Amino acid sequence: MTGLVRSSADLDARRRRILFRAWHRGIREMDLMLGQFCEAEIGQLTDEQLDELEHIMAEEDNDLVRYITGAETVPPHLQTPLFERIAALRPDFSPVTGDETFAK
């Protein structure tokens, strides 16, 4: 998956804003991780979970990638069930490839 698929028409303004921010992080790895998580979950998250998600999204992208991939230990303030759900999602990082006939 390489971008937003879910319609945001049925979401309130806060959820639309979070969904947009999840897909526009600054580095593609975080777009995929947070974007795909939010597409799947944003409609069912409680207000408290949205608060927590916004705190997670306030972290530096490079730090989040290292925590989610296990390259660094997750700090205590992020050791939550919601963060574990985000980290459990394994997006497809495979590059999009073109027509293989050109690789002769």
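Only a predicted model underlies this, so the values are computations on that prediction, with no experimental measurement involved.
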How close do Asp31 and Gly26 get, heavy atom to heavy atom, and via which atoms?
-> OD1-N, 3.9 Å
Would you find a donor on one side and an acceptor on the other, under 3.5 Å apart, between the side chain of Arg25 and the backbone of Met57?
-> yes
Write out all pairs satisfying salt bridge (Lys or Arg N to Asp or Glu O under 4.0 Å) with one or both partners inside residues 74-88, taking only residues at least two apart or from two chains.
-> Glu41-Arg85
Is there a path from Leu50 to Phe20 through hydrophobic residues (I, L, V, M, F, W, Y) whose side chains come within less than 4.5 Å of each other?
-> no
To the nearest 0.5 Å, atom CE of Met33 lies from atom CD1 of Ile27 at 8.0 Å
For Leu53 and Leu82, which heavy atoms make the closest approach, and how far apart are they?
-> N-CD2, 3.7 Å
Counterpart residues, side-chain contact (heavy atoms from CB on, under 4.5 Å), relative to Glu54 (two or more places apart) = Arg14, Ile18, Arg21, Asp51
Would you mind writing out the side-chain donor-acceptor pairs for residues 70-79 within the sub-3.5 Å range, not counting sequence neighbours?
unit_1: Glu72; atom_1: OE2; unit_2: Arg66; atom_2: NE; d: 2.7
unit_1: His77; atom_1: NE2; unit_2: Glu59; atom_2: OE2; d: 2.9
unit_1: Gln79; atom_1: NE2; unit_2: Val74; atom_2: O; d: 2.7

Taking every non-hydrogen atom, the tightest pair across Phe37 and Leu89 | N-CD2, 3.4 Å
Report yes if some heavy atom in the side chain of Trp23 is under 4.5 Å from a heavy atom in the side chain of Leu34; otherwise report no.
-> no
Rounded distance (nearest 0.5 Å) linking atom CD1 of Ile86 with atom CD1 of Ile56 | 4.0 Å
